[in-house]
Amino acid sequence: MDNINDLRIEIDRINKQLLTLLNRRADLTLKIGKEKQKHGYTVHDPIREQHILETLMKENKGPFKNEDITGIFKEIFQASKKLQKTDQSDELLISRKKKQSDTIIKIKNQSIGGSEKALIFGPCSIESYEQMEQVAKKLNSLGIKFIRGGAFKPRTSPYSFQGLGIEGLKIMGEICNKHDLISFVEVMDQEQLDIACDYVDIVQIGARNMQNFSLLKKVGKINKPVFLKRGLSATIEEFKMSAEYIIANGNPNIILCERGIRTYEQATRNTLDLSAVPILKNETHLPVIVDISHSAGRKDIMDSLARASLAAGADGIMAEIHPNPLIALSDAGQQLDFEEFMTLYKHIQHY
Ligand SMILES: C=C(O[C@@H]1C=C(C(=O)O)C=C[C@H]1O)C(=O)O
């Protein structure tokens, strides 16, 4: 037993040395990571890894077998790449590490991202002046300041209603002036962006354009807030990178929107990724809104999703409402009528 104890004391000593060496190695990989970021190189470098493994295998005199040595070093590579990626991510302009305080979007005496939860309601598509007037009056009666509505609709089928275009923008502009509301409207390209800027308060980049990098660069140059929706199959990392495009081009007024992601699940239109909310809140300083209509694609669970989103730390909720969903020109099945809207509103009003 004495012998074992002596050997273990020696192992403890070696462990300490290994620990020091591993962390010295980690410090060097962090420096390499910073250089890579400067030059736009990716973290993973398989050729370098292969070279290291081949050198080690040549030098290895055992008793560890080569496959064990490569296994151990592959773990070290993994850990050092994770370290480099976290470090690079902390350097992003959207990162909470870079700016600790919450970004609060201030617009027309309202704010998004502050202590109050932002409630954004409105139809899927702007269909007529009368329709928008009815919605605006309803919102006004509740003191809600944000209204949504699409003028350019990214429909799956080219034969589906594509939106009223400029006519829709004009209706939204007039309604917001008359009822003192703040509008959210999506644009899909540069041309629409140029026109929309004359009528719209907050420019939305939809899920399908989350990685339209030239459009992201363009909205990075406008002086209006941008509402960026998460792409259908985008990871949180990719979503953050898209926001980084906007901020890196000069526009810090970005609102992130979780709207569900595509999974194998069929019970909902998309799977609402609620964990994205606290992750985005922790890792970025930007406000996070949850679109409960597009994630669920069904009305019966919207109250629960709204409360769950707010409980998870979302800065607000977006949902679709319509004075008469049955005759809606798009997304008829997921828009709430005013009665259903009131039920939802009562559930979240005091959050
Ligand atoms: C540290 C680097 O980054 C990664 C990690 C490596 C390592 O831990 O040795 C090797 C190659 C890269 O995949 C590097 O490129 O040198």
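Quick note: numbers below take in every heavy atom, side chains included, and nothing from hydrogens, waters or symmetry partners. Read the numbers this way: they start at 1 and go in the same order the structure lists the ligands and their atoms.
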query = Can you list the ligand 1 atoms lying under 4.0 Å from a non-hydrogen atom of V43?
reply = 3 (O), 4 (C), 12 (C), 13 (O)
key: Shortest heavy-atom approach to atom 14 (C) of ligand 1 - which of K82, K74, K36, Q78   = K36
query = Are any non-hydrogen side-chain atoms of Q100 and H285 less than 4.5 angstrom apart?
reply = no
key: Atom indices of ligand 1 within 4.0 angstrom of H44 heavy atoms, with elements   = 13 (O)
request  = If the plane angle is over 60° it's perpendicular, under 30° parallel, otherwise tilted; pick one for F341 and Y345.
outcome  = tilted
message = Between ligand 1 and T29, is the shortest N or O to N or O distance under 3.5 Å?
response = no
query = Between D315 and K117, is the closest basic N to carboxylate O distance under 4.0 Å?
reply = no
message = Side chain, backbone, both or neither: which applies to I32 and ligand 1 if a contact is any heavy-atom pair less than 4.0 Å apart?
response = side chain
request  = May I ask you to list the atoms of ligand 1 that are less than 4.0 angstrom from any heavy atom of F77?
outcome  = 6 (C), 7 (C), 8 (O), 9 (O)
ask   = Passes side-chain hydrogen bond (donor to acceptor under 3.5 Å, both in side chains), Q211 versus E238? Steps please.
value = CA-CA 8 Å; Q211 285 190 315; E238 288 162 344; 4.5 Å; no
Atom 13 (O) of ligand 1 [closest protein heavy-atom partner, distance rounded to 0.1 Å] = E49 OE2, 2.6 Å
ask   = Would K99 and T103 count as a side-chain hydrogen bond (donor to acceptor under 3.5 Å, both in side chains) if you check the C-alpha gap in whole Å, the side-chain angles of each, and the deciding distance to 0.1 Å?
value = CA-CA 9 Å; K99 175 177 175 273; T103 289; 2.8 Å; yes
ask   = Between D102 and R96, is the closest basic N to carboxylate O distance under 4.0 Å?
value = yes
Polar atom proximity, Q84 to ligand 1 (N or O, under 3.5 Å) = yes
ask   = What are the atoms of ligand 1, with element, lying closer than 4.0 Å to any heavy atom of I52?
value = 9 (O)
remark   = Test side chain to side chain donor-acceptor pair (under 3.5 Å), reference R230, set N270, D273, T235, output is D273
